[in-house]
Amino acid sequence: MTRLPSRFYQPLAIGAPAPYRELPVCLERMIHFMPPHIEKMRNKVPDLLGQVDVVLGNLEDAIPADAKEDARSGFIQMASDHEYGSTGLWTRVNALNSPWGLDDIVQIVNAVGQKLDVIMLPKVEGIWDIHYLDQLLAQLEAANGISKPILIHAILETAEGVKNVDDIASASPRMHGMSLGPADLAASRGMKTTRVGGGHPSYGVLADGTAPDDDNRAFYQQDLWHYTVARMVDACASNGIKAFYGPFGDFSDPAACEAQFRNAFLQGCLGAWSLHPSQITIAKRVFSPDVDEVKFAMRILEAMPDGTGAVMIDGKMQDDATWKQAKVIVDLAKLVAANDGELGAAYGL
Ligand code: GLV
Ligand code: MG
């Protein structure tokens, strides 16, 4: 039930911009959430611009029902007031089944659609959600003479969404990527937790004992999100879109936040959400490749100029497949270096 490739890339409204065939290349190590109804927070946006890769005005969960309209108008205000340059400007709108979702999309795109890079859509369950927003955005882009397509980023946070994750990833050329939403997903699945992301001390594996009454058995905590992150990464990578870990709610445990972000990075994610200024630093550290890894990856690329054959480096076998892994790391390091002189110098790029 997919369109022919030639149709897939046609604009969905007369006068709307043509969809991208390749996603714009940009650094998105942290998607920084801010509540746009609070003036004090809006005033901090100019400072944020030098620090974060993406600023996101949050209109959905965590914004009280009686502040929804102020959050929407606050976002329009902050989008109009500043030039964002290479910092991404995103908003998370309310869900399509809420009383606010439609007005969020229509009013924001009408007012500041030309400046908006990405709409984050929560509670996505299937292609129908993406198709609705895709068509609506094309109409609004055409009506407002917007010249570059606004992308869609889905939150993977319902059991049905996870079931349909491959179809969601390939639903439209407007798809930018996906984030794991562990808090809503836990509720939707009936998981017995009360957390926003991270592990749970009771979810683990008990080592074998020496006797039935052995009470010295080691218990190894496991990652509750491993399965979902893996499915999300495969769905995104196989469709050329980007995967992200979402929120980590325990601001008092930066080590656990870092461990969760790093698992996501190693599994293929490009960034995570920062909900607190302390998480900006964590995300920057985790989602910028490690200096030693980059240097080793550069040695692999240098040792195999055309990417074929086999060589030994420090006793480790390298071939076409490790060359490709090295290229992923070096390409990311170049992107980081272009935005961050200090890290660029450390990489030697
Ligand atoms: C994010 O929206 C989540 O539900 O975890
Ligand atoms: Mg959620």
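Numbering of ligands and ligand atoms starts at 1, following listing order. Keep in mind that what you see is a predicted model, and the values were worked out from it rather than measured.
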- Would you mind checking if K163 and E125 are paired as a salt bridge, meaning a charged N to carboxylate O distance below 4.0 Å? no
- Task: May I ask you to test the V54-L27 pair for a side-chain heavy-atom distance under 4.5 Å?
- Result: no
- Message: Check contact between G246 and ligand 1, using heavy atoms of the residue and a distance below 4.0 angstrom.
- Response: no
- Would you mind checking if D61 and R92 are paired as a salt bridge, meaning a charged N to carboxylate O distance below 4.0 Å? no
- Give a yes or no on whether E157 keeps an N, O or S atom under 2.8 Å from the Mg ion (ligand 2). yes
- Note on the structure: ligand 1 to W273, heavy atom cutoff 4.0 Å, flagged ligand atoms 1 (C), 2 (O)
- Message: Tell me whether the NZ or CZ atom of K316 lies within the 45° cone about the ring axis of F296 and under 6.0 Å from its centre.
- Response: yes
- Message: Tell me whether the rings of H153 and W90 are parallel (<30°), tilted (30 to 60°) or perpendicular (>60°).
- Response: tilted
- Would you check if the Mg ion (ligand 2) lies under 2.8 Å from any N, O or S atom of D61? no
- Query: Below 3.5 angstrom, do we get any N/O pair linking A183 and ligand 1?
  - Reply: yes
- Message: If we only consider heavy atoms of P247, is any one of them less than 4.0 Å away from an atom in ligand 1?
- Response: yes
- Contact between E60 and ligand 1, counting heavy atoms under 4.0 Å? no
- Item | Salt-bridge criterion met for D117 and K148 (N-O under 4.0 Å) | yes
- Taking both backbone and side-chain atoms of L185, is any N or O found less than 3.5 Å from an N or O belonging to ligand 1? no
- Task: Answer yes or no: is there an ion pair linking K44 with E39, defined by an N-O contact shorter than 4.0 Å?
- Result: no
- Atom name of the N, O or S atom in D184 that lies nearest to the Mg ion (ligand 2): OD2
